[in-house]
Amino acid sequence: MDNEERPVLEFEGFTRMMVSGANTKSELGDQGFTEPEELTIPVSVKRFDLVTFNVADLRNQIRNGSVPLRIKGNSYDSELKRMEFDIQSVDNGIYSYKGTLKGVNDSKILLTISSRVVIAEVTIGDESIWVKPVEPRRRAKEGKPGLHIVYSSKDTRLPTRYAKIDNGPVRLPNQTSTEEIRGLEALVRGSTTPIGLLVATDNKFYEDEDNWEATAQSIIAEANNQFNRDDIDLHLFVVDYDESKRHDLSNDPDLKSDPLATFAKHFPTSYLDGKSADLAMYLFGYDADGETIGNSYAYSCSGRHAWAQMVSDWLHGYGGSPHGRRVVTIHELGHLFDADHEDAGGYNQAYRWWWGYCHHTVMWSGYTVSGSEYEFSSDDYHGDSTHDNARRISETKGIVANYT
């Protein structure tokens, strides 16, 4: 057990341990679990607990604003608050909460819960503990508790190389000129700015996930944690978790070679306008051709689409873990507000710093399991006057909010 308590994390009174300290899917087969190879355990996870939850009672407990947790043998109380974006977005019966462990400095909880699944990241200092559902949709049965894994960030292995997120945003031929759009920005700056977001997916991600909407909502919840910061003051609300064109996307022969253009073809700006969506994010369930794991159109009145890969491309350094999915999604959303990479020039650049090891803000062009953070660079926290993505997002949010 490496002197660590198992389970790594449990919601006290609501968790049932199935397997403790497993290393491979094959071990689960040896213990009587059918078709363990179907479980969506990230390739980067080398040690995990397999659990189920009494989700109905856990949901009721969380509504009270607190739930008891046990982490590596230590008991904690938590303080939880339902996230504002979740209240204003489409009500799909899935709820997101954020909070802290009482009395624990540098702690954070982000939790999304539906009628069947629990998705959570609990952070203490430099360690994050994850709760992830691992059964595909076809195995989800009414009344049967869904299987989840629980693992620590210290229970993951690193790929042999860094993943390239993208090569920078794609410019459209009819984009508004820089001079014209800078003039418009000055006219629409304001305080808290709501942005309507459509989230779409394909057959693969839809079928791979126990509940793709819950997974999507957990990703957007973390994005809102970053966009809600005081120096950005932007609020994403989801107008639709849209699966209506998943067959069209999955059957398009150009999907893997050009996910961005294919997405924009099936979800044109007229469709976004009809949904009152300023932006559209495609959670991509396949392994795209090439080395990149996301892309977006450049900021302008036409740059409204982005995609982020949800599955592993381990050969190129990406495991498709919950952490990776969030980093890539926030990165691509950032491009839609003109946030840029570390080598962009001027003040609008990503930032890196050393604290035990190298850390990167979310707009860094490469993804690393141990160094990529969710936050945007800022002169107020990680960054300076020439590494301030937050400033640029604050300047452009008014334009984006007026797309529809």
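This chain uses plain numbering: 1 for the first residue, then up along the sequence. Quick caveat: nothing in here was measured; it's all calculated off a predicted structure.
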>> Closer than 3.5 angstrom, by distance alone: can the side chain of Arg157 be matched with the main-chain N or O of Val43 as a donor-acceptor pair?
In response: yes

> Is there a donor-acceptor pair under 3.5 Å between the side chain of Ser296 and the backbone N or O of Ala306?
Replying inline: no

> Are the charged groups of Arg326 and Glu373 less than 4.0 angstrom apart, N to O?
Replying inline: no

>> Would you say that Ile41 contacts Tyr151 through its side chain, given a criterion of any heavy-atom pair below 4.5 Å between the two side chains?
In response: no

> Is the distance between the ring centroids of Tyr367 and Tyr318 under 6.0 Å?
Replying inline: yes

> Testing Asn389, Asp231, Asp230 for side chain to side chain contact (heavy atoms under 4.5 Å, CB included) with Ser378, which one passes?
Replying inline: Asp231

>> When you compare the side chain of Thr201 with that of Glu213, does any pair of heavy atoms fall below 4.5 Å?
In response: no

>> Less than 4.5 Å apart, side chain to side chain, heavy atoms only: is that true for Ser96 and Phe85?
In response: yes

>> Is it the case that atom CZ in Arg82 sees more than 12 heavy atoms from other parts of the structure closer than 6.0 Å?
In response: yes

> Any chance NZ of Lys164 has more than 12 other-residue heavy atoms, nucleotides or ligands included, within less than 6.0 Å?
Replying inline: no

> Is a side-chain donor or acceptor of Gln349 paired with a backbone partner of Gly346 at a separation under 3.5 angstrom?
Replying inline: yes

> Rounded to the nearest 0.5 Å, how far does OG of Ser89 lie from NE2 of His235?
Replying inline: 6.0 Å

> Between Lys72 and Leu9, is there a donor-acceptor pair closer than 3.5 Å when you use the side chain of the first and the backbone of the second?
Replying inline: no

> Salt bridge between Glu135 and Arg116, side-chain N to carboxylate O under 4.0 Å?
Replying inline: yes

> Backbone N or O of Asn295 within a donor-acceptor pair of the His335 side chain at under 3.5 Å?
Replying inline: no

>> For Ser26 and Thr24: C-alpha separation, side-chain torsions, deciding distance, then whether side-chain hydrogen bond (donor to acceptor under 3.5 Å, both in side chains) applies.
In response: CA-CA 5 Å; Ser26 61; Thr24 64; 2.9 Å; yes

> When you check the gap from the basic side-chain N to the acidic O, do Glu209 and Arg325 get nearer than 4.0 Å?
Replying inline: yes

> Any chance CG of Asp254 has more than 12 other-residue heavy atoms, nucleotides or ligands included, within less than 6.0 Å?
Replying inline: yes

> Side chain of Gln217, backbone of Ile94: donor and acceptor closer than 3.5 Å?
Replying inline: yes

>> Any carboxylate oxygen within less than 4.0 angstrom of a Lys/Arg side-chain nitrogen, looking at Lys98 and Glu84?
In response: no

>> With side chain to side chain contact (heavy atoms under 4.5 Å, CB included) as the criterion, how do Arg63 and Tyr97 come out once you've worked through the C-alpha distance, each side chain's angles and the decisive distance to 0.1 Å?
In response: CA-CA 9 Å; Arg63 287 192 186 101; Tyr97 299 83; 4.0 Å; yes

> So Leu260 and His305, side chain to side chain contact (heavy atoms under 4.5 Å, CB included) or not? Walk me through it.
Replying inline: CA-CA 7 Å; Leu260 184 59; His305 297 78; 4.1 Å; yes

> With a 4.0 Å cut-off, would you call Asp388 and Arg392 a salt bridge?
Replying inline: no

>> Test side chain to side chain contact (heavy atoms under 4.5 Å, CB included) on Asp208 and Lys204; report intermediate values, then the result.
In response: CA-CA 6 Å; Asp208 279 353; Lys204 184 68 165 57; 2.6 Å; yes

> Is it true that Asp252 and Lys265 make a salt bridge, defined as a side-chain N closer than 4.0 Å to a carboxylate O?
Replying inline: yes

> On the ring face of Tyr76, is Arg70 found with NZ or CZ under 6.0 Å from the centre and within 45° of the axis?
Replying inline: no

>> I'd like to check Leu279 versus Ile195 (side-chain heavy atoms, cut-off strictly below 4.5 Å). Are they in contact?
In response: yes

> With the threshold set at 4.0 Å, does a side-chain nitrogen-carboxylate oxygen contact exist between Arg304 and Asp273?
Replying inline: yes

> Could you go step by step and tell me if His341 and Trp364 meet the side chain to side chain contact (heavy atoms under 4.5 Å, CB included) rule?
Replying inline: CA-CA 5 Å; His341 295 171; Trp364 201 265; over 6 Å; no

>> Just checking Phe227 against Phe337, ring centres under 6.0 Å apart?
In response: yes

>> Pairing donors with acceptors under 3.5 angstrom, does anything connect the side chains of Asp242 and Ser244?
In response: yes

> Would a 4.5 Å heavy-atom cut-off, applied to side chains only, mark Thr292 and Asn167 as touching?
Replying inline: yes

>> Contact between His331 and Met363 at the side-chain level, heavy atoms closer than 4.5 Å - yes or no?
In response: yes

>> Less than 4.0 angstrom from a charged side-chain N to a carboxylate O is my criterion; do Glu38 and Lys25 meet it?
In response: no

> When you check the side-chain N and O atoms of Tyr95 and Ser114, is any donor under 3.5 Å from an acceptor?
Replying inline: no

> Centroid-to-centroid, Trp307 to Phe263, below 6.0 Å?
Replying inline: no

>> Applying the ring-ring contact (aromatic ring centres under 6.0 Å, His included) criterion to His359, which one of Tyr381, Trp353, Tyr374 satisfies it?
In response: Trp353

> Is the side chain of Gln309 donor-acceptor paired with the backbone N or O of Val311 at a distance under 3.5 Å, no angle test?
Replying inline: yes

> Are Lys245 and Phe267 in a cation-pi contact, defined as NZ or CZ under 6.0 Å from the six-membered ring centre and within 45° of the axis?
Replying inline: yes

> So, are Lys275 and Asp240 salt-bridged, with charged N and O less than 4.0 Å apart?
Replying inline: yes

> Does the ring center of His247 lie less than 6.0 Å from the ring center of His266?
Replying inline: no

>> For a quick check under 3.5 Å, do Thr396 and Asp338 share a side-chain donor-acceptor pair by atom type?
In response: no

> At their closest point, which heavy atom of Ser312 faces which heavy atom of Gly319, and how far apart are they?
Replying inline: CB-O, 3.5 Å

>> Is it the case that over 12 heavy atoms from other parts of the model lie below 6.0 angstrom from the CZ atom of Phe14?
In response: yes

> Do NZ/NE/NH1/NH2 and the carboxylate oxygens of Glu121 and Lys132 come within less than 4.0 Å?
Replying inline: no

> Ignoring hydrogens and geometry, is there a side-chain-to-backbone donor-acceptor pair from Asp166 to Gly294 under 3.5 Å?
Replying inline: no

> Going from CG on Asp380 to CZ on Arg229, what distance comes out if it is rounded to the nearest 0.5 angstrom?
Replying inline: 10.0 Å

> Hey, does the side chain of Asp49 reach the backbone of Val51 with a donor-acceptor pair shorter than 3.5 angstrom?
Replying inline: no

> Are His360 and His382 near enough that their ring centres are under 6.0 Å apart?
Replying inline: no

> Are side-chain N/O atoms of Thr404 and Asp278 paired as donor and acceptor at under 3.5 Å?
Replying inline: yes

> Quick one: are Tyr286 and Pro259 in side-chain contact, heavy atoms under 4.5 Å?
Replying inline: no

> Should Phe11 and Phe53 count as side-chain neighbours, where that means a heavy-atom distance under 4.5 Å?
Replying inline: yes

>> Tell me if a side-chain donor or acceptor on His323 pairs with a main-chain N or O of Ser372 at a distance below 3.5 Å.
In response: yes

> Where is the tightest heavy-atom contact between Thr52 and Gly146, given as atom of each residue plus distance?
Replying inline: CG2-O, 3.7 Å

> Is the number of heavy atoms from other residues, nucleotides or ligands within 6.0 Å of CZ (Arg137) greater than 12?
Replying inline: yes

